[in-house]
Structures are given as C-alpha cells and as structure tokens.
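Since the structure comes first, as structure tokens, the remarks are kept for the end.
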Amino acid sequence: MTSTEQTPFYITTAISYPNGVPHIGHAYEVIATDAMARFKRLDGFDVFFLTGTDEHGQKMLQTAQKQGISPRELAQRNSDSFQQMNDELGISYDRFIRTTDPDHIDAAQEIWRRMEANGDVYLDKYAGWYSVRDEAYYSEEDTELREDGVRYATETDTPVTWTEEESYFFRLSAYQDKLLEHYRNAPDFGAPRSRFNEVIRFVERGLEDLSISRTTFDWGVPVPGNADHVMYVWVDALTNYLTGTGFPDTTSASFKKYWPADVHVIGKDISRFHAIYWPAFLMSAGLELPGRVMIHGFLHNNGVKMSKSLGNVIAPAEFVDQYGLDSIRYFFLREVPFGADGSYSHDAIVGRMNADLSNNLGNLAQRSLSMVKKNCDSQVPAPGEFTAADQQILDAAAALLPIVRDHFERQEFSRALEAVWNVLGDANAYFADQQPWVLRKTDEPRMRTVLYVTLEVVRRVALLVQPVMPDASSRLLDVLGQADGAARVFTAFDEPLESGSDLPEPAPIFPRYEVPAEV
RNA sequence: GGGGCGGUAGCUCAGUUGGUCAGAGCAGAGGACUCAUAAUCCUUGGGUCGUGGGUUCAAGCCCCACCCGCCCUACCA
C-alpha cells in the first residue's frame with residue numbers, strides 16, 4: 001500500500017491494573033487485540049493500537065506501602081513487567097500508555113472540565129458501608145450484622161464501616177435515555193450480544209449518579225480546581241483511550257485521525273464501565289463515541305478458574321517457553337469463540353498444535369514444497385489447464401479473504417480460522433486424490449499443475465494466518481518465495497505465484513509437539 | 001427474589017424463519033498410500049437432541065412445567 005489515503009483504525013485493549021504480575025488472561029486479551037490490529041494493517045488500514053497500564057488507586061498505594069516503596073516505583077516496576085509481557089508475546093502495540101504519563105494527566109483533567117462545564121459534575125457526600133479491604137462501598141442490603149457485632153459485606157466477608165465522604169458525582173442518571181437510544185441505533189456497539197443485553201438491562205433498570213472522586217488517598221489524578229480530591233478510577237482510567245490519540249489537543253492530526261476508537265477490547269468484568277460509563281462520559285464531554293466494545297470471556301485452566309490460592313496461575317512466558325508463541329496465539333484464537341469463556345489444557349493445546357498446525361498446514365506445505373524441490377528444480381512450477389478439481393480448491397482458497405475479513409470484523413477469530421482450516425482439509429484431500437507422486441511418473445505436466453495449485457492454496461492461507469501467527473507465517477511465506485512487503489499484504493491475495501520463480505530450501509514450519517522423553 | 005443463557009455422538013461443539021436436522025472436528029476401529037513432520041486420504045457415529053407434557057400433517061428448532069449448570073442484578077479493577 002503506497003496510498004496515503006488509508007482508512008484509520010483505532011483499537012485498544014483495556015489497560016491492566018499492575019497490582020501484580022501479568023497472567024494468561026492478560027495475554028489472551030492482548031493477543032486477540034493484536035491479531036485484530038495486524039489483520040487491519042494487512043488489509044490496508046492505518047492502524048493505531050493502544051495498550052497499557054492503569055496505575056492509580058488505593059490498592060496500588062497499599063501494595064506499595066506494604067513493600068516499602070513508593071506507588072510510583074511499584075507502578076513503574078509492574079508496568080514494566082506488563083510491557084515486557086507484551087513484547088514477549090509479539091504484541092504490535094503502537095503505544096504503551098500509562099495513566100501516570102504526563103499527557104494522560106492532562107487528558108483526564110480536560111475531560112473532567114468538559115463534563116463539569118456541561119453541568120454533569122457536582123459536589124456532594126458519598127455515604128455507605130465501606131470495606132477497606134475491598135476498597136468498595138456496599139449498599140445496606142449487601143451487608144449483614146453478624147454475631148460478633150461487626151457488619152460484613154455479605155459477598156466478600158470483609159468488615160465494613162459506615163463512611164461518609166465528600167465526593168464529586170457524575171450525573172449518570174441523566175444519560176439513561178441517551179444511552180438506550182444509542183444502543184438502539186448502534187446494535188453492534190456491544191458484543192457479544194448476550195453481554196450487551198446484560199448491559200442494556202442494567203441501564204433500563206435505572207442509573208444512579210456516579211461517585212467520581214476520593215479524598216481518602218492522593219495517588220491519583222488531582223481533580224481540577226480542588227486539590228483535596230483525586231479522580232476515582234473510571235474517569236481516569238477510561239480516558240486513556242483519548243490520551244492515546246492526542247487528546248486534549250483535539251486539533252492534532254492524530255486525534256482527528258483516530259478518534260473515535262473503532263474497537264475497545266475488554267474482559268467481561270468491566271463491560272459495564274465501558275458500555276455505560278464511558279459513552280456517558282463522552283456524551284457529556286461532547287466527544288464522539290467508540291464504534292464497538294468487544295467483550296471477551298475468561299480462560300479457565302482445565303475448566304477450573306485461575307486463582308492464586310489454587311496455584312494454577314500460569315505466567316504467559318511459561319506458556320511461550322513450553323509451546324511456542326505462535327502455537328499459543330493460534331490455540332487461544334482458534335479454540336475459544338471470542339466472547340465466550342474458554343478452557344485450556346495441555347492436551348487441548350498439543351492437539352491443536354499437532355492436528356491443525358503440524359499435520360494439516362505444516363505437512364501440506366512441506367510435502368508439496370518438497371516435491372517441487374525434487375521434481376521442479378526448486379522453482380514454482382508452471383501449471384497447465386486447470387481441471388474442475390483444481391479450480392474448485394483454488395476458488396475455495398480465493399473465497400477465504402472476504403470470509404475471514406467478515407469474521408475479523410466481528411472479532412470472530414475462531415470462525416475465521418475454522419474457515420481457513422476447512423479449506424486446508426479440502427486441500428489435503430485434493431492432494432491425496434490427485435496423487436502427484438504418481439503423476440510424477442505418468443504425467444509430469446499434470447503433476448506440476450497439482451503442485452502449483454497446492455502451493456497457491458498454501459500461499460493464500462499463509463497470508464491469512466499472519467495476524468494470528470506472525471512468525472510462523474512469515475517463515476512459511478519465506479519458503480514460498482514471497483518477499484517481505486507488497487507480496488505479503490492482502491492486496492497480494494489475488495496475485496498468484498509466479499511460475500519459474502526460485503524457491504528456497506523448504507523447511508518444516510510447524511514441528512510436532514513431542515512429549516519430552518521420560519527417563 | 002428478578003432477569004438472561006445453556007443442557008445434541010466418549011470429548012468440544014454446529015444446527016437459519018419447524019419439514020434429508022440427526023451433523024462437524026478430535027479421540028477410537030478398519031483399510032489405502034508413500035510425496036510428506038509415524039504426516040495424508042478413504043470407510044466407520046444407530047446418540048431417547050436434559051425430563052415430562054402440549055401445539056402441528058410435521059419439532060433439537062414453537063408453548064408450558066420441571067431438573068441441572070453458568071451469567072447479570074452499580075462504584076476492587
């Protein structure tokens with residue numbers, strides 16, 4: 001793409017709370033978002049991909065105190081470990097934002113001022129049963145007075161005390177109808193539909209105003225005009241999506257180009273904040289709303305929820321070490337319908353690696369390339385007239401780009417990959433049916449045609465799986481003789497292999513996962 | 001309590017507006033082939049489609065009840 005008229009595409013992950021170390025759930029979200037970002041780049045879009053860490057709040061402060069360091073030091077250290085995870089996962093983010101970044105402080109204060117100027121921010125008292133441990137208020141009905149005379153939050157078994165605190169409020173209640181109207185007008189604003197419905201139901205029941213500042217700690221963005229208050233999580237955190245584009249400079253080229261965001265990828269635990277608070281804030285601030293909030297599910301280890309107490313929290317780096325980066329990227333996106341909860345297990349991962357990657361794709365590439373090397377002088381063979389069988393598999397492969405594009409548009413990664421692998425299954429059957437190893441002795445021109453057709457299918461597949469497996473697909477395109485650059489973006493999808501061009505020594509791309517030998 | 005979703009072959013799941021809808025992949029069994037990463041291809045699935053009723057000429061697909069599982073029901077992120 002040499003055009004300077006590329007359509008912008010802005011995608012974000014949620015920013016992580018770096019109160020601890022990153023786990024597989026964090027990895028899952030950035031991998032999926034990365035695949036989306038890469039797909040769009042290959043498809044000719046001018047992509048901006050933002051991810052980062054949300055570093056303010058009482059918990060960060062407390063953790064830092066416990067460790068005897070400043071919250072800034074803790075944030076720096078843990079944010080670095082998140083960024084490192086991104087790099088280990090090959091995440092192609094354009095900016096790693098931190099809510100402690102100076103430009104983000106500016107952005108958060110500016111959106112506050114805008115909401116205030118719009119009459120949606122007012123000072124009042126926030127009162128309720130407060131759990132220090134949960135850093136959360138509970139309503140009376142969610143607490144109970146127990147025999148020890150202490151009142152507890154029913155859900156979390158933590159003691160609560162009646163607390164009144166001066167707080168700024170956001171007039172969320174005023175946005176109920178506007179939000180519902182937007183949901184009606186933009187039925188794809190939230191996805192998957194089941195999650196979006198939960199959000200809509202929530203709004204339909206009525207919205208209360210939102211407490212948006214705290215006075216009990218100071219590790220946060222100062223509220224403009226009142227140094228006693230710091231912003232309370234959501235105004236601060238959500239605004240990172242604006243900061244990334246250059247806000248508050250709404251005249252900047254990047255803001256004009258990338259805002260509003262096309263997709264916010266988030267976990268199901270924070271759907272409400274992204275699908276309700278966030279658009280309300282933006283409406284109040286007079287800013288455009290993002291196109292879509294894509295809500296993904298959680299990953300369970302063998303169907304069991306990950307938790308520190310169970311000791312089944314796996315570091316992303318361990319996964320990468322054990323199975324390889326591309327394998328786990330493929331596994332997560334192929335195995336779990338994006339939006340649903342998913343489960344991973346050693347057996348399931350190995351199954352995907354061996355069956356899908358090594359056998360169906362890797363072996364097809366290797367067997368065809370190997371024959372080309374031995375029988376076609378390591379050059380892309382010249383095909384003869386295509387038979388119906390040739391044409392059928394070529395057409396199936398050619399049809400994949402629009403199909404995959406459609407699925408990616410909705411972040412249905414598993415369906416996209418399923419469609420690709422269906423064609424690979426057909427291609428393997430085609431290859432076996434045509435028996436080029438027999439044709440070698442009986443009909444060489446026909447053999448060359450079959451090999452050409454197969455290589456062409458593999459080439460198209462290799463192009464399409466680049467967003468999911470950047471490294472492996474790159475090596476696959478290497479052995480197909482496809483140079484970096486124009487031949488590897490989607491505009492090359494319909495530009496077939498050039499007969500007579502030299503091919504490098506074929507090399508297996510997807511080794512089988514072999515169980516380490518027992519001693 | 002209220003609301004939502006799901007319960008289909010050993011496993012993971014597809015099944016549009018009711019009428020080849022009883023399916024796919026994986027695992028298992030048998031066979032073929034040898035180009036290839038012990039890979040590939042072919043054949044092989046009689047599962048009361050959670051339970052019991054009902055509507056209909058016809059129901060996984062509609063209605064009712066029930067059983068089981070999961071999710072949401074506001075200020076930790």
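All chains are named by letter (A, B, ...) in the order of the sequence lines, taking the proteins before the strands, and each is independently numbered beginning at 1.
- In the set B:A77, B:U40, B:U37, the nucleotide with an atom closest to the side chain of A:A432 is B:U40.
- For A:W437, whose side chain is taken as the heavy atoms from C-beta onward, the closest listed nucleotide among B:G2, B:A77, B:U34 is B:U34.
- The separation between A:I295 atom CD1 and B:C71 atom P is 16 Å, rounded to whole Å.
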Would you be so kind as to tabulate the donor-acceptor pairs closer than 3.5 Å made by side chains of residues 121-129 of chain A, with sequence neighbours excluded?
from, atom 1, to, atom 2, distance (Å)
A:Y122, OH, A:D209, OD2, 2.6
A:W129, NE1, A:E140, OE1, 3.3

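- The phosphate of B:C35 (OP1 or OP2) has a side-chain N or O of A:R440 nearer than 4.0 angstrom.
- Applying the 6.0 Å contact sphere to CZ of A:R193 captures more than 12 heavy atoms from other residues, nucleotides or ligands.
- Remark: the separation of the C1' atoms in B:C75 and B:U8 is 42 Å, to the nearest Å.
- In the set B:C41, B:A77, B:C35, B:A77 carries the atom at the smallest distance from any side-chain atom of A:F273.
- On the P atoms, B:C72 is 25 Å away from B:G50, given to the nearest whole Å.
- You won't find any donor-acceptor pair under 3.5 Å spanning the side chain of A:N359 and the base of B:A39, going by distance alone.
- Taking the side chain of A:Y17 as heavy atoms from C-beta on, and the options B:C41, B:U73, B:A77, the nearest nucleotide is B:A77.
- Applying the 90° cutoff around 0 to the glycosidic angle, B:G28 is assigned anti.
- B:G25 and B:C61 are spaced 25 Å apart, taking the P atom of each and rounding to whole Å.
- For the pair A:R367 and A:F431, the cation-pi criterion (under 6.0 Å, within 45° of the ring axis) is not fulfilled.
- Considering only the side chain of A:R201, B:G4 comes nearest among B:A74, B:C41, B:G4.
- Look at the P atom in both B:A74 and B:C68: the space between them is 25 Å, to the nearest Å.
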5'-to-3' dot-bracket of RNA chain B (Watson-Crick, G-U; under 3.5 angstrom; crossing pairs as [ ]; | other strand): (((((((..((((.........)))).(((((.......))))).....(((((.......))))))))))))....

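- Side chains of A:T387 and A:D390: a donor on one and an acceptor on the other come within 3.5 Å.
- Rounded to whole Å, the distance from CZ on A:R334 to P on B:C13 is 12 Å.
- In this structure, the CG atom of A:D341 is 11 Å from the P atom of B:C13, given to the nearest Å.
- Using a 30° and 60° split on the angle between ring planes, A:F273 and A:W234 fall in the parallel class, below 30°.
- Evaluation of the ring pair (Phe, Tyr, Trp, His ring centres under 6.0 Å) test over residues 407-427 of chain A, restricted to residues two or more places apart or in two chains, returns A:F39-A:F408, A:Y330-A:W421, A:F338-A:F413, A:F408-A:F413.
- A gap of 15 Å separates the C1' atoms of B:C62 and B:U16, to the nearest Å.
- Remark: A:R415 CZ is loosely packed, at most 12 non-hydrogen atoms of other residues, nucleotides or ligands lying under 6.0 Å away.
- When each of B:C75, B:A74, B:A77 is scored by its nearest atom to the side-chain atoms of A:D269, the top-ranked nucleotide is B:A77.
- Comparing A:P436 and A:H56 by the nucleotide of RNA chain B that holds the closest heavy atom to each, the one mapping nearer the 5' end is A:P436.
- Nucleotides B:G28 and B:G47 place their C1' atoms 16 Å apart, quoted to the nearest Å.
- Rounded to whole Å, atom P of B:U12 lies 16 Å from atom CD1 of A:I349.
- For A:W129 and B:C75, the CH2 to C1' distance is 18 Å, given to the nearest whole Å.
- Heavy atoms from other residues, nucleotides or ligands lying under 6.0 Å from NZ of A:K373 number 12 at most.
- Candidate nucleotides B:G3, B:C35, B:U40 were compared by shortest atom distance to the side chain of A:N363, and B:U40 ranks first.
- Within residues 72-80 of chain A, no residue has any heavy atom under 4.0 Å from RNA chain B.
- Comparing B:A77, B:G15, B:U37 by their nearest atom to the side chain of A:R415 picks out B:G15.
- Applying the side chain to side chain contact (heavy atoms under 4.5 Å, CB included) test to A:A427 and every residue at least two apart in sequence or in another chain returns A:L364, A:I393, A:V457.
- For A:F202 and B:G4, the CZ to P distance is 17 Å, given to the nearest whole Å.
- Between the CD atom of A:Q435 and the C1' atom of B:U40 there is a distance of 11 Å, rounded to whole Å.
- Taking the six-membered ring for Trp and thresholds of 30 and 60 degrees, A:H26 and A:F82 have ring planes more than 60 degrees apart, a perpendicular arrangement.
- With ring centers used as reference points, A:H296 lies 6.0 Å or more from A:F332.
- Using atom P as the reference point in both B:G60 and B:U17, the two lie 16 Å apart (nearest Å).
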A:F170 vs A:Y175, ring pair (Phe, Tyr, Trp, His ring centres under 6.0 Å): CA-CA, chis, key distance, verdict: CA-CA 10 Å; A:F170 173 74; A:Y175 287 87; 5.6 Å; yes

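- Residues from residues 364-380 of chain A with heavy atoms under 4.0 angstrom of RNA chain B, sorted by number: A:Q366, A:R367, A:S370, A:M371, A:K374.
- For the pair A:N360 and B:U40, the criterion of a side-chain N or O lying under 4.0 Å from OP1 or OP2 is met.
- At B:C75, none of the side-chain N or O atoms of A:Y130 fall inside 4.0 Å of OP1 or OP2 (strictly under the cut-off).
- For RNA chain B, no neighbouring residue in residues 442-455 of chain A is found when judged by any heavy atom under 4.0 Å.
- Ranked by how close their nearest RNA chain B nucleotide is to the 5' end, A:V438 and A:S194 are led by A:S194.
- For A:R329, the salt bridge (Lys or Arg N to Asp or Glu O under 4.0 Å) partners are A:D34, not counting sequence neighbours.
- For the pair A:F431 CZ and B:A36 P, the interatomic distance rounds to 10 Å; values are reported in whole Å.
- Not counting sequence neighbours, the partners of A:S474 by the side chain to side chain donor-acceptor pair (under 3.5 Å) test are A:R488.
- Not a single salt bridge (Lys or Arg N to Asp or Glu O under 4.0 Å) links A:R440 to another residue, sequence neighbours left out.
- For A:D377, there are no side chain to side chain contact (heavy atoms under 4.5 Å, CB included) partners two or more places apart in sequence or in a different chain.
- Nucleotides B:G7 and B:U48, compared at atom C1', are 15 Å apart to the nearest Å.
- The side chain of A:R272 sits closest to B:U73 out of B:C35, B:U73, B:A77.
- Annotation: side chain to side chain donor-acceptor pair (under 3.5 Å) contacts of A:Q392 (sequence neighbours excluded): none.
- OP1 or OP2 of B:A39 sits under 4.0 Å from a side-chain N or O of A:R512.
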